[in-house]
> 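Supplied in structure tokens, the structure appears directly below.
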Amino acid sequence: MKYGIGQSVTRKEDQRFLTGQGLYVDDIKDASKLHAYVVRSPLAHADIRSIDIEAAKAAPGVHAVLTGADYVADGIGGISCHTIFPGVHQNVKTAPFPALAKDRVLYAGMAVAVVIADSRVLAQDAAELVEVDYDELPVVTDTPSALADGAPAIWENAPDNVAFHIALGDEATTKAAIAAAAHVTRLTLHNNRLSANALEPRGTTCSYDAREARVTVQTSTQSPHSVRAEIAGVLGLAQTQVRVLAKDVGGGFGMKGAVYPEDVLVAWAAKKLHRTVCWQADRSESLLADYHGRDQMVEAELALDANGKITALRVSSDYNAGAFLATGGGVSAMFAATLATGCYHVPVAYALSRAIYTNTSPTQPYRGAGRPEASYLIERLMDKAARETGRNRIEIRKLNMLTPEQMPYQTPLLYKIDTGNYGAVVDKALEVSDWASMDQRKAASTKNGKLRGVGIALHMENAGLVNESMEIRFDPGGSVTVLAGTFSHGQGHETVYAQMVSDWLGVPFDSIRVLQGDTDAVSFGRGTVASRSMINGGGSLKIAADKVIDKARAIAGHLLEASADDVVFEAGELSVAGTDKKMPIQKVAAMSFLPILPPDLGIGLSGEGDFLLQGFTFPNGCQVAEVEVDPETGEIDVLQIVSVDDVGTVINPMLLEGQMVGGIAQGLGQALMEDVVYDETGQLTSGSFMDYAMPRATDMPPINFSTLSTPTDTNPLGVKGAGEAGTVGATPAIISAILDALAPVGVEDISLPATPHKVWSAITEASS
């Protein structure tokens, strides 16, 4: 079997996952550990008059009951937002997020106390004895209410409830172009609030070593080093006093890229009690207390000339940040603004994006993080513009889409796009989906009393955020360890990194081990978010491999009595040019540990690499969705989705397809069913899977996936990123198809999620 780059190698990880040997936080066995249970506010906005914990402290098995007063007395800090960038985010008004409320609660589910007991059941029983006296305050749960005149201020330093704003482009020129346009398409949309619902709910176990004065944190996270830094900061410890371990993590989707109050509470309790303390969320607690995603209100105007060419775009969006800015709270609003022009040539544009405080759970980047919102907006605008001007949906896109000849292309909203062939991607998607014969399929559905529609969405995202570090080490036996600064939580890094190293160094695939998620072993890493691992992690790994080869050539030169300049490396073997002298790299590695080398060659064979992408890469693609709607019930059947993607160099086609299908499933969920809903008092009404609808296998259509790649020269591998692309295109493609199906009965708009009830109501209203 071939194991190199470009091969569909099955995942190394799956052996332990499929045989039940994965190690998740809740699998950590320690009979002596204590259990934490968090007492949460039932109110969305209230002052805390008093907390009575005496009965809870006296309950069986209870070791401690900690409140906000203890939190302040111990000098524990708050969680900060680390994604505010000077020059981008303006007029920022934020404050650290306390892990325990002392005087005021700002959303339903905010922690007010934590009970530590011998078991989870005992802790939960004692938690019910904690009595909190609240003085209820007015509540706002959505951005229009939070921005209304007279709305209660969530924070004193933000009386208008605006956490920050981002303004990009040329406002005056855009306004003038819209005023002079032959046609202006206007649209108002809401991207529904979502819950990530990773297969493994969040959990954290912490122990304290009094001898070394160190906290060890085992947690379900995407970014171990970020957790280390934050916990060290809030506890007032040096980072060397905190070790973070993340073994197997069952999904994250951005939600686990943040630090949470429970992480802080468990670490604090472990340090305070000198015991191992664990906390594990159940599903309802996750729906309430996890950071949510999306929740964006947006208005836009797209200006066209008489020939249908875009002349300007103006966008104004408000993100519901929740009660605090989460760790990644600055990201989604930024990317939704910077990517608003999509795959199209837009001469001038202006985008204003704000984050708004409300009495809801904080929001955090969720798979795509602003990119799906940008794609949904521009693709809905293109469909509506086509309908209003009497143009074909494909023709108006092709008239305005960027061409390879325009690359590199400077958008009016910050980015310079290096490469892309959008026309070829669209043509392939139309061909594979058999778009040309859609009228016949629509006619067949009509005979059966159904409405059939087809939708299209171009999509583009930016990938490759910030730099990364990787290390390759040979051991004396010739095996290889990759120490990864990225962190896999389902992506398959153990496999693809081994593929790369096997390809570059010529060592057997099975002799390569990938080590991640241990801040004591991996010196530094930024984790895995924003489709960055193959770009920044892969780029760093290639640099590390090149350094290994350079050092191996020097060592081999000494061993083979030749100049390093005369040593050639190829297919895992080092040889002296023009001679028959040669040595496998694994033997060179073994001999590098012997005390026979000159001091300047050091001990062992290893290499470190760090890579910083200049700017971003821009993966892109086209999705075509086909649906059938039952007008009697509003039920939607997604018949097929075609996805053609340009992700640059493909490392492992099988794993790439898995990423795309998973992303499409999440985009489908947003389009059709998922919705976090608060009532007017701030109570969560979608607090279980009976209320929050997740896609099931039966909801998923056949997915025809293919690639049409144009590699980029922005990084050593030519990769563009792929982790979020499926999500970015699926929602607009599916809604485009639904509106196409409903057009004959007079329905022109549908809000997210397009549930059967909404669809049926829209049909009924249009026909009345």
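Along the sequence shown, residues are numbered consecutively beginning with 1. None of the values given here were measured: they were computed from a predicted structure.
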> Who are the side-chain hydrogen bond (donor to acceptor under 3.5 Å, both in side chains) partners of Lys450, not counting sequence neighbours?
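Listed in chain order: nothing, the list is empty.
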
> Determine, stepwise, if the pair Arg193 / Thr360 fulfils side chain to side chain donor-acceptor pair (under 3.5 Å).
CA-CA 11 Å; Arg193 180 177 277 232; Thr360 62; 2.9 Å; yes

> Crowded around Gln406 CD? As in, over 12 foreign heavy atoms under 6.0 Å?
yes

> Output the distance between atom CD1 (Ile396) and atom CZ (Arg387), rounded to the nearest 0.5 Å.
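These two atoms lie 11.0 Å from each other.
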
> Test your reading of the model: is there a side-chain donor-acceptor pair from Lys256 to the backbone of Gly251, 3.5 Å cut-off?
yes

> The criterion is side-chain contact (heavy atoms from CB on, under 4.5 Å); which residues satisfy it with Ala625, sequence neighbours excluded?
Ile641, Ala733, Ile734, Ala737

> Carefully, step by step, assess Thr528 and Ser533 under the rule side chain to side chain donor-acceptor pair (under 3.5 Å).
CA-CA 6 Å; Thr528 291; Ser533 292; 2.8 Å; yes

> Give the ring-plane orientation class for Phe487 versus His489, where under 30° counts as parallel, over 60° as perpendicular and anything between as tilted.
parallel

> Could I get the full list of side-chain hydrogen bond (donor to acceptor under 3.5 Å, both in side chains) partners for Arg314, not counting sequence neighbours?
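For Arg314 the side-chain hydrogen bond (donor to acceptor under 3.5 Å, both in side chains) partners, ignoring immediate neighbours, are Glu301.
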
> Quick one: does any side-chain atom of Thr185 pair with a main-chain N or O of Met382 as donor and acceptor, under 3.5 Å?
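The answer is no, because no donor-acceptor pair under 3.5 Å joins these two groups.
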
> Report the C-alpha distance between Ser284 and Ser688 in whole Å, list the side-chain angles of each, state the deciding distance to 0.1 Å, and finish with yes or no for side chain to side chain donor-acceptor pair (under 3.5 Å).
CA-CA 5 Å; Ser284 290; Ser688 75; 5.5 Å; no

> Step through the shown structure and confirm whether more than 12 heavy atoms of other residues, nucleotides or ligands are within 6.0 Å of NZ on Lys384.
yes

> Would you call Val425 and Asn421 a side-chain contact if the rule is heavy atoms closer than 4.5 Å?
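No, side chains not in contact.
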
> Can you tell me if Ser375 uses its side chain to pair, donor with acceptor, with the backbone of Arg371 under 3.5 Å?
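Here the side-chain-to-backbone pair does not exist.
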
> Please name the pair of heavy atoms, one in Phe618 and one in Asn462, separated by the smallest distance, quoted to 0.1 Å.
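For Phe618 versus Asn462, the nearest heavy atoms are CE2-CB, 3.9 Å.
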
> State whether the side chain of Glu431 and the backbone N or O of Lys428 hold a donor-acceptor pair below 3.5 Å, judged by distance alone.
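Not a single qualifying donor-acceptor pair exists.
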
> Mark yes or no for whether Arg532, through its side chain, and Gly527, through its backbone, hold a donor-acceptor pair below 3.5 Å.
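Yes, because the side chain of Arg532 sits within donor-acceptor range (under 3.5 Å) of the backbone of Gly527.
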
> Could you list the residues that satisfy ring-ring contact (aromatic ring centres under 6.0 Å, His included) with His345, not counting sequence neighbours?
Tyr409

> Donor-acceptor check, side chain of Ser433 to backbone of Ala429, threshold 3.5 angstrom: yes or no?
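Present.
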
> How many angstroms lie between CG in Leu684 and CG in Leu288, if you round to the nearest 0.5 Å?
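Result: 6.0 Å between the selected atoms.
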
> Do you know the tightest heavy-atom contact between Ile456 and Val624?
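Heavy atoms only, the tightest pair is CG1-CG2, 4.2 Å.
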
> Will you find, in the side chains of Thr685 and Asp679, an N or O donor that is under 3.5 Å from an N or O acceptor?
no

> Name all pairs fulfilling the side-chain hydrogen bond (donor to acceptor under 3.5 Å, both in side chains) condition that reach into residues 326-340, sequence neighbours left out, sorted by first residue then second.
Thr338-Tyr415

> Could you list the residues that satisfy ring-ring contact (aromatic ring centres under 6.0 Å, His included) with Tyr291, not counting sequence neighbours?
Tyr260

> Go through the structure and list residues passing side-chain contact (heavy atoms from CB on, under 4.5 Å) with Asp383, not counting sequence neighbours.
Arg393, Arg397, Ser736

> So, applying salt bridge (Lys or Arg N to Asp or Glu O under 4.0 Å) with Glu494, which one of Arg16, Arg11, Lys12 is it?
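With Glu494 as partner, salt bridge (Lys or Arg N to Asp or Glu O under 4.0 Å) holds for just one option, Arg16.
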
> Do the side chain of Ser8 and the main chain of Met654 share a donor and acceptor less than 3.5 angstrom apart?
yes

> Main chain of Ala108, side chain of Gln683: is a donor-acceptor contact present, judged purely on distance under 3.5 Å?
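Not at all, since once roles are kept as given, no pair shorter than 3.5 Å links the two residues.
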
> Assess the side chains of Ser195 and Asn197: does a donor N or O sit below 3.5 Å from an acceptor N or O?
yes

> Would you mind reporting whether Thr633 and Pro756 have side-chain heavy atoms less than 4.5 Å apart?
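Side-chain contact under 4.5 Å: no.
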
> As an exercise, state the distance from CG of Leu313 to CG of Leu377, rounded to the nearest 0.5 Å.
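Atom-to-atom, Leu313:CG and Leu377:CG are 7.0 Å apart.
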
> Nearest heavy-atom pair of Gly490 and Gln659: which atoms, and what distance?
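Looking at all heavy atoms of both residues, the shortest contact is O-NE2, 4.3 Å.
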
> Would you give me the side-chain donor-acceptor pairs under 3.5 Å for residues 694-708, sequence neighbours excluded?
residue: Asp699; atom: OD2; partner: Arg696; partner atom: N; Å: 2.8

> Just wondering, do Val249 and Thr221 contact through their side chains at under 4.5 Å, heavy atoms?
no

> Of all the heavy-atom pairs spanning Gly492 and Leu655, show the shortest one and how long it is.
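The answer is O-CD1, 4.0 Å.
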
> Are any side-chain N or O atoms of Ser317 and backbone N or O atoms of Val298, one a donor and one an acceptor, separated by less than 3.5 Å?
no

> For the CG atom of Leu465 and the OG1 atom of Thr617, what is their distance to the nearest 0.5 Å?
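Result: 10.5 Å between the selected atoms.
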
> With sequence neighbours excluded, give me every salt bridge (Lys or Arg N to Asp or Glu O under 4.0 Å) pair touching residues 638-650.
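Residue pairs passing salt bridge (Lys or Arg N to Asp or Glu O under 4.0 Å), neighbours aside: Asp646-Lys720.
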
> Decide yes or no for Glu379 and Leu458: does some side-chain heavy atom of the first lie under 4.5 Å from some side-chain heavy atom of the second?
yes

> Quick check for you: to the nearest 0.5 Å, what is the distance between Lys758 atom NZ and Leu752 atom CG?
7.0 Å

> Do Trp435 and Ile394 make a side-chain contact, defined as non-hydrogen atoms from C-beta onward lying under 4.5 Å apart?
yes

> Using 0.5 Å steps for rounding, measure from the CG atom of Leu287 to the CD atom of Glu285.
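Here the interatomic distance stands at 10.5 Å.
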
> For Thr731 and Gly667, indicate whether the former's side chain and the latter's backbone hold a donor-acceptor pair under 3.5 Å.
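Yes, because the side chain of Thr731 sits within donor-acceptor range (under 3.5 Å) of the backbone of Gly667.
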
> Check step by step if side chain to side chain contact (heavy atoms under 4.5 Å, CB included) holds for Ile310 and Leu304.
CA-CA 4 Å; Ile310 297 171; Leu304 306 174; 3.7 Å; yes

> Output yes when Arg294 and Glu674 qualify as a salt bridge under the 4.0 Å nitrogen-oxygen rule, no when they do not.
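Answer for the salt bridge query: no.
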
> Sequence neighbours left out, what passes side-chain contact (heavy atoms from CB on, under 4.5 Å) with Asp675? Give chain and number order.
Asn192, Val677, Pro753

> Report yes if some heavy atom in the side chain of Thr411 is under 4.5 Å from a heavy atom in the side chain of Val346; otherwise report no.
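The answer is no, as the side chains (C-beta and beyond) never meet within the 4.5 Å cut-off.
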
> Please indicate whether Gln440 has more than 12 foreign heavy atoms, meaning atoms of other residues, nucleotides or ligands, lying under 6.0 Å from its CD.
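Count over threshold, so yes.
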
> Which residues pass the side-chain contact (heavy atoms from CB on, under 4.5 Å) test with Asp749, not counting sequence neighbours?
Arg380

> Can you give me the closest heavy-atom contact between Gln670 and Asn191, atom names plus distance?
NE2-OD1, 2.9 Å

> Suppose the criterion is salt bridge (Lys or Arg N to Asp or Glu O under 4.0 Å): which pairs have a residue in residues 622-636, not counting sequence neighbours?
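The answer is Arg441-Glu626, Arg452-Glu626, Arg452-Glu628.
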
> For residues Gly322 and Thr363, report the shortest heavy-atom separation together with the two atoms involved.
N-OG1, 4.4 Å

